[in-house]
2 protein chains.
Amino acid sequence: MSSKGTPSSIVDAAEALFAEQGFAETTVRQITSRAKVNLAAINYHFGSKKGLIQAIAEKFITPLCNELNSQMDSSLGPDSKPTLDELLEMLMRALLIVRSENRNALSVFMRLLELAYMANQEELRDFLIGRYKSRLDHFLIYLRQDSAPMEDDEFFWRLHFLLGSMTFTLSNFHTLHSLEKRQFSGEQEGTEVELILHRMIPVLSAGLQARGEKLYFSKI
Amino acid sequence: MSSKGTPSSIVDAAEALFAEQGFAETTVRQITSRAKVNLAAINYHFGSKKGLIQAIAEKFITPLCNELNSQMDSSLGPDSKPTLDELLEMLMRALLIVRSENRNALSVFMRLLELAYMANQEELRDFLIGRYKSRLDHFLIYLRQDSAPMEDDEFFWRLHFLLGSMTFTLSNFHTLHSLEKRQFSGEQEGTEVELILHRMIPVLSAGLQARGEKLYFSKI
DNA sequence: ACTTGTTTCAAACGTAGGTTTGTTTTAGAT
DNA sequence: ATCTAAAACAAACCTACGTTTGAAACAAGT
């Protein structure tokens with residue numbers, strides 16, 4: 001019927017709905033209705049609603065890791081040390097690559113990360129950790145080298161402060177964008193996400209480089 | 001039956017379940033079962049599940065604003081200028097006051113904020129903004145005075161980067177705490193939240209004080 | 001002791017969710 | 001033209017949800 005196949009239509013519709021409503025709040029009837037396919041199509045092609053979510057997850061996370069690692073390989077010579085801002089810039093570019101395929105991809109991806117940290121979702125969390133943690137370790141090692149010196153647990157928490165800024169901002173980007181325009185002047189739409197990602201860089205960079213209070217008391 | 005009344009038992013059970021599962025994922029049957037009250041009790045005492053959520057919301061947000069403003073009044077002399085770290089310290093203390101009444105209060109509160117920023121929840125969002133924004137403006141003005149000089153929209157986004165760190169970390173505190181203990185050594189439980197809130201202060205402070213890139217190009 | 005208003009309870013209601021079924025349609029291979 | 005496997009479809013299924021009902025238990029005032 002449409003120019004794209006049924007599974008592809010389903011994924012497109014699901015991503016749009018997941019981005020604006022979240023996973024639990026989106027029903028398969030909404031998805032199939034929007035995709036203009038039969039109600040049973042999701043179960044036929046993806047097994048279940050959960051299967052659809054996992055398919056979308058893998059579709060985004062794998063390219064993200066690829067892009068991030070290839071940027072690290074190409075930008076980092078054998079002895080060159082990247083700055084913290086450069087590393088974060090790479091991360092943001094990798095996110096933008098993910099987004100380039102679908103306007104809603106970043107919101108969906110960030111909602112997926114939020115979901116993975118919920119208490120009930122050990123399954124999804126362990127799946128993501130087991131499968132993608134090693135692909136991010138390289139990046140994290142560089143990131144830590146450029147951060148202020150700190151204990152392992154301190155870095156763990158700062159990493160999640162950073163992750164929280166990203167997930168919150170990008171998951172709810174549509175709402176935040178509306179709130180901003182309601183308060184201030186209007187801006188062009190096309191480059192909005194890029195702009196916000198770049199606004200994050202100096203903030204996150206400063207957060208990682210800040211000296212923690214604990215160091216005043218420990219170590220020497 | 002229990003030492004506390006039925007509505008209070010319901011609220012306690014609901015807060016614990018909301019904290020670990022979220023609102024949509026928690027059913028009234030789970031709540032009433034845990035509270036050991038009849039299934040119909042929520043509708044009888046709170047009208048609906050939504051009414052229960054709103055009751056819990058108001059129960060926490062009002063004391064938070066009170067505490068924050070009273071700390072500002074008592075700590076700030078007529079001409080004394082608070083440092084950024086002092087302001088954030090006040091915010092964290094206000095959060096801890098909210099938590100002191102109930103161990104799960106902070107997670108519930110943060111989940112509520114996340115909910116308010118979702119696209120579907122204009123009702124809740126406008127309610128919170130209309131009712132509590134003015135009570136926080138005083139704090140925000142001081143906060144901005146101590147931040148790096150920046151445009152209105154830049155400050156808007158940094159505020160939400162900060163909010164994202166807080167909501168993500170505290171909503172999923174239980175999960176993060178487990179992950180941390182799985183990776184590193186165990187620590188005592190009692191003061192964990194306090195510790196993390198204080199770890200946030202220098203990070204958030206540095207983020208607000210960081211010079212934004214945009215300033216390099218605009219204004220003089 | 002009787003009435004009255006409030007609270008509790010077991011049971012059922014109605015709806016909306018994800019999923020399954022059995023049939024029909026489609027399209028490529030023989 | 002016929003056969004066959006994949007895909008699409010309408011309809012039903014079953015479960016779980018929030019909510020409602022009406023009777024029973026309770027408490028307090030008179």
Side-chain angles (χ1 to χ4, degrees), chain A residues 1-59 108 111-112 115-116 118-121 123-124 127, chain B residues 1-58 108 111-112 115 118-121 123-124 127:
Chain A
M1 176 147 300
S2 67
S3 56
K4 319 171 85 171
T6 300
S8 172
S9 302
I10 291 174
V11 167
D12 286 349
E15 283 171 2
L17 287 165
F18 287 156
E20 64 184 69
Q21 297 183 335
F23 301 106
E25 296 78 4
T26 299
T27 72
V28 301
R29 282 175 172 80
Q30 285 179 306
I31 298 170
T32 53
S33 167
R34 178 156 177 163
K36 292 190 186 122
V37 301
N38 187 267
L39 171 60
I42 287 179
N43 294 8
Y44 179 77
H45 288 284
F46 298 94
S48 65
K49 182 186 177 184
K50 204 171 204 168
L52 171 61
I53 294 176
Q54 286 202 7
I56 291 179
E58 298 207 36
K59 184 188 152 198
V108 178
R111 282 201 196 288
L112 203 78
L115 184 66
M118 293 210 56
N120 290 341
Q121 306 280 346
E123 188 192 43
L124 173 62
F127 167 76
Chain B
M1 176 147 300
S2 68
S3 57
K4 321 171 83 172
T6 299
S8 173
S9 301
I10 291 173
V11 167
D12 286 349
E15 283 172 1
L17 287 165
F18 288 156
E20 65 184 70
Q21 300 182 335
F23 300 106
E25 295 79 5
T26 299
T27 72
V28 302
R29 281 174 173 81
Q30 286 179 307
I31 298 170
T32 53
S33 167
R34 178 156 178 162
K36 294 193 185 119
V37 300
N38 187 268
L39 171 61
I42 287 179
N43 295 79
Y44 178 76
H45 287 284
F46 299 94
S48 66
K49 182 186 178 184
K50 204 171 203 169
L52 171 61
I53 294 175
Q54 285 203 7
I56 291 178
E58 299 209 34
V108 177
R111 283 203 195 289
L112 202 78
L115 184 65
M118 292 211 54
N120 290 341
Q121 304 281 346
E123 186 192 44
L124 173 62
F127 167 76

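All heavy atoms count here, side chains included; hydrogens, waters and symmetry mates do not. Sequence lines set the chain letters: A, B, ... in the order given, protein chains first and strands last, and positions in each chain run from 1.
A straight line from NZ of B:Lys49 to C1' of D:dC17 spans 9 Å, rounded to a whole angstrom. Rounded to a whole Å, the CG atom of B:Asn43 is 16 Å from the P atom of C:dG14. D:dT20 atom C1' lies 14 Å from atom CD1 of B:Ile42, rounded to whole Å. Here C:dG17 presents its C1' atom at 16 Å from CG of A:Leu52, a figure rounded to the nearest Å. Rounded to an integer number of Å, the gap from A:Gln21 CD to C:dA16 P is 15 Å.
Contact between the side-chain N/O atoms of A:His45 and the OP1/OP2 oxygens of D:dA8 is found at a separation under 4.0 Å. Phosphate proximity of C:dA10 to B:Asn38: present, with a side-chain N or O under 4.0 Å from OP1 or OP2. Within the 4.0 Å cut-off from OP1 or OP2 of D:dA7, not a single side-chain nitrogen or oxygen of A:Thr6 is found.
Between A:Ile53 and A:Phe18 there is a side-chain heavy-atom pair separated by less than 4.5 Å.
Nucleic acid contact class of B:Thr26 (heavy atoms, under 4.0 Å, all strands): sugar-phosphate only.
The CG atom of B:Leu17 lies 4.5 Å from the CZ atom of B:Arg34; values are rounded to the nearest 0.5 Å.
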**OP:** Output, in order, the C-alpha distance, side-chain angles, deciding distance and verdict of side-chain contact (heavy atoms from CB on, under 4.5 Å) for B:Arg111 and A:Met118.
**Re:** CA-CA 11 Å; B:Arg111 283 203 195 289; A:Met118 293 210 56; 3.7 Å; yes
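With C:dG18, D:dT19, D:dC9 as the candidates, the nucleotide lying closest to the side chain of A:Ala40 is D:dC9.
Checked by atom type and distance alone, the side chain of B:Lys36 never pairs as donor or acceptor with a backbone atom of B:Ser9 at under 3.5 Å.
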